[in-house]
Colleague: 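Sharing a structure here in structure tokens format.
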Amino acid sequence: MLRYLNSSSTGNFFLLAGPCVIEGEEMALDIAEYICNITAKLNIPYVFKGSYRKANRSRIDSFTGIGDEKALKILRKVRETFNIPVVTDIHTEEEAAIAAEYVDILQIPAFLCRQTELLIAAARTGKMVNIKKGQFLSPEAMEHAVRKVMDAGNNQVAITERGTTFGYQDLIVDYRGIPAMQKFGVPVILDATHSLQQPNQPAGVTGGRPDLIETIARAGIATGVDGLFIETHREPSMAKSDGANMLPLEQLPELLKRLTAIRTVVNTF
């Protein structure tokens, strides 16, 4: 998997992108096809992202998914239809082996990045493990999470920066963390959408600043991040999870063109 992510002959970044959660087969295939067409033209290695279930929600009545098996089968269909890797979140040790039957990369949510048994279970599937950095951790502390996976016999690891808690209801990205975490010898990904979340809102629905997605992404590419993570949807206002900080799908082509141009310049340094 690491070879695939680094396969761009132009030295471009790789991309993990898709909806926050799988809402249905038609929407998943539509988004995947749209992004595949863009990334093929720009020579960006692409991984389709979609959570088969959302376990971390603000309210008990929030949408969590369409059913685990149904959503996982849709992820597998995306993988087989477009011949691309797929990534999804897992939340327990039991889920690791189940999800590994359908996807290529297992993602550890930020709130769970210190859960030793979860990291070990993910590692033992042999799949690549993408660990989201906890909003409460320093970049340097993520070395321990990486080491848990590697010590369990799996060297296919990546870290995703997704912002650090700033007060009660905001996040901030410290770009010093990108080179700090790259020193661990693993790819570092910047989540340009969750980094703009505004959590803990009184209404129980997470807010966001999608107008700043390009700002965050540009800075990450300029800093030398290895990959980008972007959640996107045809109609973010109608999305069943995290719509407040998702990028409208039609804005993605021009954004990726601009980011690729920035990466070309950065590669000359």
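Model, not experiment: these values are computed from the prediction. These numbers come from the heavy atoms of this one structure, side chains and all, not from hydrogens, waters or symmetry mates.
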Colleague: Any sub-3.5 Å donor-acceptor pair from Tyr4's side-chain atoms to Tyr46's backbone N or O?
Modeller: yes

Colleague: On the ring face of Phe136, is Arg114 found with NZ or CZ under 6.0 Å from the centre and within 45° of the axis?
Modeller: no

Colleague: For Pro45, does its backbone N or O pair with a side-chain atom of Ser8 as donor and acceptor, under 3.5 Å?
Modeller: no

Colleague: Nearest 0.5 angstrom please: Glu95 CD to Asp68 CG, how far?
Modeller: 6.5 Å

Colleague: How long is the span from the CG atom in Leu15 to the CG atom in Leu42, to the nearest 0.5 Å?
Modeller: 10.0 Å

Colleague: Can you measure from OG1 (Thr160) to CG (Leu190) and round to the nearest 0.5 angstrom?
Modeller: 8.5 Å

Colleague: Between CG of Asp191 and CD1 of Ile213, what distance do you get to the nearest 0.5 Å?
Modeller: 9.5 Å

Colleague: Treat each ILVMFWY residue as a node, draw an edge where side-chain heavy atoms are under 4.5 Å apart, and state whether Met150 and Met128 are in one component.
Modeller: yes

Colleague: Are more than 12 heavy atoms, taken from residues, nucleotides or ligands other than Asp211, located less than 6.0 Å from that residue's CG atom?
Modeller: yes

Colleague: Please check: side-chain N/O of Thr125 versus main-chain N/O of Ala121, any donor-acceptor pairing under 3.5 Å?
Modeller: no

Colleague: For the side chain of Asp104 and the backbone of Val86, is there at least one donor-acceptor N/O pair under 3.5 Å apart?
Modeller: yes

Colleague: Can you get from Leu2 to Phe184 by hopping between Ile, Leu, Val, Met, Phe, Trp and Tyr side chains that sit under 4.5 Å apart?
Modeller: yes

Colleague: First locate atom OG1 of Thr92, then atom CD1 of Ile98, and finally report the distance between them rounded to the nearest 0.5 Å.
Modeller: 7.0 Å

